[in-house]
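Note sheet for the following structure.
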Amino acid sequence: MIAAPFLVSAPGKTIIFGEHAAVYGKPAIAAAISLRTYMLVSQHHSDLTDTVTLEFPDVNLQCSWKIASLPWDAVPEPAPDAPNPPSELHESLVEAIQGPLTGITGFPQRSSALTFLYIYMSLLKGKELQGMTFSVRSTLPIGAGLGSSASVSVCIATAICLLSGTVTVPSSILTEHSNGNGASADLQAIERIDAWAFLGERCIHGNPSGIDNACSTRGGAVMFQRMSKGNPNVLKSMRDFPSLRLLLIDSKQPRRTAVQVANVATLVQSYPQITGPIMDGIHSLTDEAYRLLCLPTDQCDVSWAGKLRELVRVNHGLLVALGVSHPKLEIIRAAADELEIGETKLTGAGGGGCAITLVEDKVPESKISELRAKLSVHGFEVYETRLGGNGAGCLLPTNTDKAEWEKWEDKLFSLHHMLALENREHVEETVGVETVDGWAFW
Ligand SMILES: Nc1ncnc2c1ncn2[C@@H]1O[C@H](COP(=O)(O)OP(=O)(O)O)[C@@H](O)[C@H]1O
Ligand SMILES: C[C@@](O)(CCOP(=O)(O)O)CC(=O)O
């Protein structure tokens with residue numbers, strides 16, 4: 001159990017292989033990206049010790065509740081001997097939370113606040129609670145298919161699991177685990193955080209597959225296969241491959257996942273003999289990508305990265321055949337091809353949204369700038385990021401090197417500074433997992 005202040009963080013994700021085929025029971029692979037959400041848990045000033053406050057400026061949400069006024073009686077008793085929560089939401093708790101949500105009217109604000117209260121109340125019922133502020137800043141675009149909601153759910157779950165003692169801090173900073181139990185404690189923590197984050201995703205999305213929170217919690221990449229009713233879904237984690245250079249390009253073309261999925265369903269119904277082999281092709285290339293991503297890191301060389309890029313190209317071609325590309329996505333692919341930057345595919349549902357380019361390592365920065373300039377003419381936004389990397393993590397005051405801690409103290413754990421961060425770059429520079437020493441991951 002740890003006390004505020006502390007920071008937690010979790011990454012967004014992108015689907016690299018297998019979207020749409022996933023709907024037909026084939027495997028899909030999602031990988032973490034280096035765009036992340038950060039949450040600061042800080043203590044109130046003395047006059048507000050009976051209040052819990054959310055500061056989620058990315059979605060214009062600021063609200064407070066008196067802790068004692070929350071509907072604690074609606075929280076179910078945890079099942080004995082069941083450390084992880086059930087995968088279904090407790091509907092009467094969701095209903096009871098509608099009371100404290102009165103006055104929060106927008107969808108993004110309401111669903112984020114519901115997620116927070118569901119996890120906060122479930123895990124902290126019966127504990128002696130002090131007033132606290134939970135503030136979120138994200139470097140992820142919201143609603144672009146990059147898993148912003150999962151990364152927020154994972155941050156909330158991580159922070160509250162730490163506060164409630166449901167998980168221990170990562171073994172890399174916990175000396176008492178030097179007896180060799182660290183790895184299993186970390187594994188247990190990952191499963192618990194993931195299970196709570198899944199309930200958070202349910203609060204936001206209703207019926208999510210679970211791939212986004214699985215990927216955000218574990219980092220690296222995950223292979224996910226939805227099984228037919230009654231059979232458990234398959235989830236395999238790949239955590240150790242080297243992080244790969246990636247461009248993530250938002251076409252800003254709005255699209256609805258449900259519409260794209262329905263269009264593919266119509267095609268599948270009309271041409272089962274043609275679409276069947278396409279789905280099988282996507283299945284095979286996803287299997288091959290899974291094999292490559294599981295190889296020991298000493299085998300992840302230049303030709304390994306080249307093979308992954310080839311699979312990206314083939315996967316895009318098959319998605320085009322399924323009719324889920326868009327002229328804007330093709331502009332992105334053509335521009336990246338012309339500059340020989342790497343291989344490009346649409347990611348997620350398609351029909352707009354984002355494309356990803358797996359960049360060749362030797363490509364100079366000038367070419368990336370050229371691509372950026374070409375694409376900005378169309379109003380597209382280019383994020384330079386990396387594929388893979390760490391999942392859920394935390395930064396505690398005590399695990400920061402003393403000199404570093406003195407240097408960063410004011411900024412790192414100060415609510416005022418957290419809220420004043422101007423943009424993505426400023427968030428990364430100030431609290432980022434790659435800039436600040438002391439971040440630890442499960
Ligand atoms: N930075 C954030 N702060 C608070 N809530 C967030 C943030 N980012 C995402 N969310 C929550 O996640 C929802 C977005 O989910 P969704 O539309 O699936 O987008 P994405 O594809 O990016 O996950 C928002 O409506 C909001 O409830
Ligand atoms: C098209 C699909 O395979 C992925 C949807 O991705 P996104 O969350 O819209 O980026 C649908 C699904 O698997 O539920």
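Computed from a predicted model, the values in this text were never measured in an experiment. Each ligand, and each atom within it, is numbered from 1 in the order the structure gives.
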Next item on the list: Mind checking whether Gln260 contacts ligand 2 via backbone (N, CA, C, O), side chain (CB onward), both or neither, at a 4.0 Å heavy-atom cut-off?
Entry: neither
Next item on the list: Going by heavy-atom distance to atom 22 (O) of ligand 1, choose the closest among Gly147, Ser138, Ser148, Pro141.
Entry: Ser148
Next item on the list: Looking only at protein heavy atoms, identify the closest one to atom 4 (C) of ligand 1 and say how far it is in Å.
Entry: Val59 CG2, 3.5 Å
Margin query: Under 3.5 Å between any N/O of Pro108 and any N/O of ligand 1: does that happen in this structure?
Written below: yes
Notebook entry, point to check: Can an N or O of Arg255 be found at a distance shorter than 3.5 Å from an N or O of ligand 2?
Noted result: yes
Notebook entry, point to check: So which heavy atom in the protein is nearest atom 11 (C) of ligand 2, and how far is it from that ligand atom?
Noted result: Val23 CG2, 3.8 Å
Item checked: Passing option when Ile193 is tested against Leu162, Ile156, Asn84, Thr158 for side-chain contact (heavy atoms from CB on, under 4.5 Å) -> Thr158
Next item on the list: Could you tell me which non-hydrogen atom of Ser216 sits nearest to which non-hydrogen atom of Pro11, and how far apart they are?
Entry: OG-O, 2.7 Å
Check: If you count the atoms of ligand 1 from 1 in the order shown, which ones are under 4.0 Å from a heavy atom of Leu146?
Finding: 21 (O)
Margin query: Between Thr435 and Glu428 (side chain of the first, backbone of the second, donor and acceptor by atom type, cut-off under 3.5 Å), is there such a pair?
Written below: yes
Checklist line | Per-atom contacts, ligand 1 versus Gly145 - under 4.0 Å to a heavy atom | finding: 21 (O)
Checklist line | Part of Gln109 within contact of ligand 1 (heavy atoms, under 4.0 Å) | finding: neither
Next item on the list: For the pair Arg309 and Glu343, evaluate salt bridge (charged side-chain N to carboxylate O under 4.0 Å, His left out) and give the outcome as yes or no after the intermediate values.
Entry: CA-CA 5 Å; Arg309 284 197 300 275; Glu343 295 295 346; over 6 Å; no
Next item on the list: With heavy atoms under 4.0 Å as the rule, classify the contact between Ile15 and ligand 2 as side chain, backbone, both or neither.
Entry: side chain
Margin query: Using a 4.0 Å cutoff against the non-hydrogen atoms of Ala349, which atoms of ligand 2 qualify?
Written below: 1 (C), 5 (C), 6 (O), 7 (P), 9 (O), 10 (O)
Note to self: Checking contacts here: is it the side chain or the backbone of Ala144 that comes within 4.0 Å of ligand 1, counting heavy atoms only? Could be both or neither.
What the structure shows: backbone
Item checked: Polar side-chain atom of Thr139 near backbone of Arg424 as donor-acceptor pair, under 3.5 Å -> no
Note to self: If I apply the N/O under 3.5 Å rule, does His20 come out as touching ligand 2?
What the structure shows: yes
Notebook entry, point to check: Within a reach of under 6.0 Å around CD of Glu434, are more than 12 heavy atoms found that belong to other residues, nucleotides or ligands?
Noted result: no
Notebook entry, point to check: Closer than 4.0 angstrom: is that true for some heavy atom of Arg110 and an atom of ligand 1?
Noted result: no
Next item on the list: Can you pull out the closest protein heavy atom to atom 12 (O) of ligand 1? Residue, atom name and distance to 0.1 Å, please.
Entry: Ser149 CB, 3.1 Å
Check: Looking only at distance, does Lys13 have an N or O less than 3.5 Å from an N or O of ligand 2?
Finding: no
Notebook entry, point to check: Do Glu288 and Lys307 pass the salt bridge (charged side-chain N to carboxylate O under 4.0 Å, His left out) test, and can you show the C-alpha distance, the side-chain angles, and the key distance before you say yes or no?
Noted result: CA-CA 9 Å; Glu288 175 60 6; Lys307 283 180 191 158; 5.9 Å; no
Next item on the list: Identify, by atom number and element, the atoms of ligand 1 in contact range of Val136, meaning under 4.0 Å from any of its heavy atoms.
Entry: 1 (N), 3 (N)
Margin query: Please classify the Leu140 to ligand 1 contact at 4.0 Å (heavy-atom distances, strictly less than): side chain, backbone, both or neither.
Written below: neither
Next item on the list: State, to 0.1 Å, how close Ala392 and Val154 come at their nearest heavy-atom pair, and which atoms those are.
Entry: CB-CG1, 3.9 Å
Notebook entry, point to check: Should you measure from each heavy atom of Glu19, which atoms of ligand 2 turn up under 4.0 Å away?
Noted result: 3 (O)
Check: Relative to each other, are the rings of Trp304 and Phe241 parallel, tilted or perpendicular (30° and 60° limits)?
Finding: tilted
Margin query: Quick check on contacts: which atoms of ligand 1 are under 4.0 angstrom from a heavy atom of Ser111?
Written below: 27 (O)
Checklist line | Arg239 backbone acceptor or donor facing Ser237 side chain under 3.5 Å | finding: no
Next item on the list: Between Val152, Asp58, Leu54, flag the one that comes closest to atom 1 (N) of ligand 1 by a heavy atom.
Entry: Asp58
Note to self: Please list, in number order, the atoms of ligand 2 under 4.0 Å from a heavy atom of Thr257.
What the structure shows: 5 (C), 9 (O)
Margin query: Can you classify the ring geometry of Tyr120 versus Phe134 as parallel (below 30°), tilted (30 to 60°) or perpendicular (above 60°)?
Written below: perpendicular
Next item on the list: Look at atom 14 (O) of ligand 2 and say which protein heavy atom is nearest, naming residue and atom and giving the distance to 0.1 Å.
Entry: Arg226 NH2, 3.5 Å
Item checked: Test item: Met223 and Met238 side chains (from C-beta on) under 4.5 Å apart, heavy atoms -> yes
Note to self: Could you check whether any side-chain heavy atom of Thr275 comes within less than 4.5 Å of a side-chain heavy atom of Tyr24, counting everything from C-beta outward?
What the structure shows: no
Margin query: To check your reading of the model: name the closest protein heavy atom to atom 18 (O) of ligand 1, its residue, and the distance in Å.
Written below: His205 CE1, 2.6 Å
Notebook entry, point to check: Closest heavy-atom contact between Leu375 and Ala335?
Noted result: CD2-CB, 4.0 Å
Item checked: Identity and distance of the protein heavy atom lying nearest atom 5 (N) of ligand 1 -> Ser112 OG, 2.8 Å
Next item on the list: Please examine the side chains of Leu163 and Lys127, heavy atoms only from C-beta on, and report whether any two atoms are closer than 4.5 Å.
Entry: no
Notebook entry, point to check: atom 17 (O) of ligand 1: which protein heavy atom is closest, and how many Å away?
Noted result: Gly143 CA, 3.8 Å
Note to self: So does Gly391 get a backbone contact from the side chain of Arg36, meaning a donor-acceptor N/O pair under 3.5 Å?
What the structure shows: yes
Note to self: So is Thr37 touching ligand 1 or not, going by heavy atoms under 4.0 Å?
What the structure shows: no
